[in-house]
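These notes concern the structure reproduced below.
Numbering of residues begins at 1 and proceeds along the displayed sequence.
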Amino acid sequence: MTPEELQAARDTVIPDVAAGGLSVLFCGINPSLMSGATGHHFARPGNRFWPVLHLSGFTSRQLKPWEQNELLTYGLGITNVVARATARADELSAEEFREGGRLLTAKVEQLRPRYLAVVGVTAYRTAFDDRKARIGPQTRTIGETRVWALPNPSGLNAHWTAQTMAEEYARLRAAAESDTDTATA
């Protein structure tokens with residue numbers, strides 16, 4: 001992909017991969033220019049979302065960004081706090097995050113996933129005005145949807161390895177599976 005093609009993707013919006021009643025709706029910060037250009041979530045080569053999703057046991061194999069719609073067969077989906085594609089998340093304003101939090105709340109109220117998993121605790125803190133949020137389950141719910149903050153899978157997030165991220169994502173997977181087991185018992 002040429003630099004010109006990437007720049008042409010600035011401010012594009014890519015469709016959610018979502019449906020009603022999902023187990024987990026993953027929520028990115030916003031699409032990268034690569035995602036905007038390809039129309040696929042977490043498409044940037046250094047992004048670890050797809051490997052971590054597999055390592056954590058959410059998927060039986062590592063999906064590629066262009067296979068994103070297969071997530072629905074696992075009861076999973078993807079959306080973003082802010083819909084527009086940028087080169088870096090720091091190009092987004094605090095107001096865009098807050099508005100994104102309002103729109104995300106409405107989306108979750110409509111789709112009613114069991115869990116909303118925001119991948120990026122800083123984005124979660126800003127979108128939901130919760131400065132004390134930490135990685136893991138949150139006290140906030142949206143209707144009956146539980147909220148979980150996960151590490152940002154961006155390759156720029158050097159504090160987390162793919163393995164330590166996968167361990168945290170697996171905690172969410174275990175909670176979601178436990179909820180499913182309880183509901184069917």
Side-chain angles (χ1 to χ4, degrees), residues 13-32 35 41-42 47-50 52-59 68 71-72 74-84 89-90 92-154 156-157 159-160 162 164-184:
V13 174
I14 60 175
D16 292 341
V17 175
L22 296 171
S23 177
V24 179
L25 178 61
F26 290 95
C27 180
I29 296 169
N30 76 305
S32 67
S35 289
H41 293 272
F42 300 104
N47 193 294
R48 299 170 289 180
F49 178 79
W50 299 105
V52 167
L53 209 60
H54 173 62
L55 286 170
S56 65
F58 271 111
T59 59
Q68 64 188 12
L71 285 177
L72 297 172
Y74 292 97
L76 307 173
I78 304 175
T79 188
N80 289 288
V81 175
V82 177
R84 72 183 184 93
D90 66 4
L92 304 171
S93 69
E95 182 50 42
E96 283 181 283
F97 277 109
R98 286 189 293 273
E99 178 62 17
R102 288 188 285 275
L103 295 172
L104 181 58
T105 296
K107 189 176 298 184
V108 168
E109 287 171 343
Q110 177 188 3
L111 296 174
R112 300 173 54 186
R114 280 198 297 280
Y115 283 89
L116 171 67
V118 180
V119 295
V121 71
T122 303
Y124 173 81
R125 288 175 183 152
T126 306
F128 292 101
D129 194 29
D130 185 352
R131 299 185 204 304
K132 295 181 182 180
R134 300 283 181 255
I135 296 293
Q138 306 301 305
T139 57
R140 170 186 308 277
T141 59
I142 301 172
E144 293 187 21
T145 298
R146 294 181 186 99
V147 180
W148 200 289
L150 290 170
N152 182 345
S154 167
L156 300 175
N157 184 3
H159 296 311
W160 292 82
T164 57
M165 262 190 265
E167 291 166 8
E168 189 59 39
Y169 281 55
R171 284 183 56 212
L172 168 60
R173 181 187 49 77
E177 287 176 357
S178 174
D179 286 353
T180 301
D181 294 343
T182 303
T184 59

For the [atom1] atom of [X] and the [atom2] atom of [Y], what is their distance to the nearest 0.5 Å?
| X | Y | atom1 | atom2 | value |
| --- | --- | --- | --- | --- |
| Leu71 | Leu53 | CG | CG | 6.0 Å |
| Leu92 | Arg84 | CG | CZ | 5.5 Å |
| Thr139 | Lys132 | OG1 | NZ | 11.0 Å |
| Leu104 | Asn80 | CG | CG | 9.5 Å |

Side-chain contact, heavy-atom cut-off 4.5 Å: [X] with [Y]?
| X | Y | value |
| --- | --- | --- |
| Pro153 | Met165 | yes |
| Pro113 | Val108 | yes |
| Gln68 | Trp50 | yes |
| Ile29 | Val118 | no |

If you take all heavy atoms of [X] and [Y], which pair is closest and at what distance?
| X | Y | answer |
| --- | --- | --- |
| Leu25 | Gly77 | CD1-C, 3.6 Å |
| Ala176 | Tyr115 | CA-CE1, 3.6 Å |
| Gln138 | Asp130 | OE1-OD2, 4.1 Å |
| Ala117 | Val24 | CB-CG1, 3.9 Å |
| Leu116 | Thr145 | N-CG2, 3.6 Å |
| Pro31 | Val82 | CD-O, 3.4 Å |

Report yes if the distance between the aromatic ring centroids of Phe26 and Phe42 is under 6.0 Å, otherwise no.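 No - the distance between ring centres of Phe26 and Phe42 does not fall below the 6.0 Å cut-off.
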Keeping [X] on the side-chain end and [Y] on the backbone end, is there a donor-acceptor pair under 3.5 Å?
| X | Y | result |
| --- | --- | --- |
| Ser56 | Val52 | yes |
| His41 | Pro15 | yes |
| Ser178 | Ala174 | no |
| Tyr169 | Pro151 | yes |

With sequence neighbours excluded, give me every ring pair (Phe, Tyr, Trp, His ring centres under 6.0 Å) pair touching residues 128-152.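 Non-adjacent pairs meeting ring pair (Phe, Tyr, Trp, His ring centres under 6.0 Å): Tyr124-Phe128.
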Would Asn47 and Ser32 count as a side chain to side chain contact (heavy atoms under 4.5 Å, CB included) if you check the C-alpha gap in whole Å, the side-chain angles of each, and the deciding distance to 0.1 Å? CA-CA 10 Å; Asn47 193 294; Ser32 67; over 6 Å; no
Counterpart residues, side chain to side chain donor-acceptor pair (under 3.5 Å), relative to Thr79 (two or more places apart):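 Checked Thr79 against side chain to side chain donor-acceptor pair (under 3.5 Å); matches are Asp16, Lys107.
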State which residues pass side chain to side chain donor-acceptor pair (under 3.5 Å) with Arg171; sequence neighbours excluded, sorted by chain then number.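 Listed in chain order: Glu168.
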Counting only heavy atoms not in Arg112 (residues, nucleotides, ligands), do more than 12 fall under 6.0 Å from its CZ?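 Atom CZ in Arg112 is not packed in, count stays at 12 or less.
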Among residues at least two apart in sequence or on other chains, which ones pass side-chain contact (heavy atoms from CB on, under 4.5 Å) with [X]?
| X | answer |
| --- | --- |
| Asp129 | Arg131 |
| Ser93 | Glu95, Glu96 |
| Arg173 | Phe58, Ala170, Glu177 |

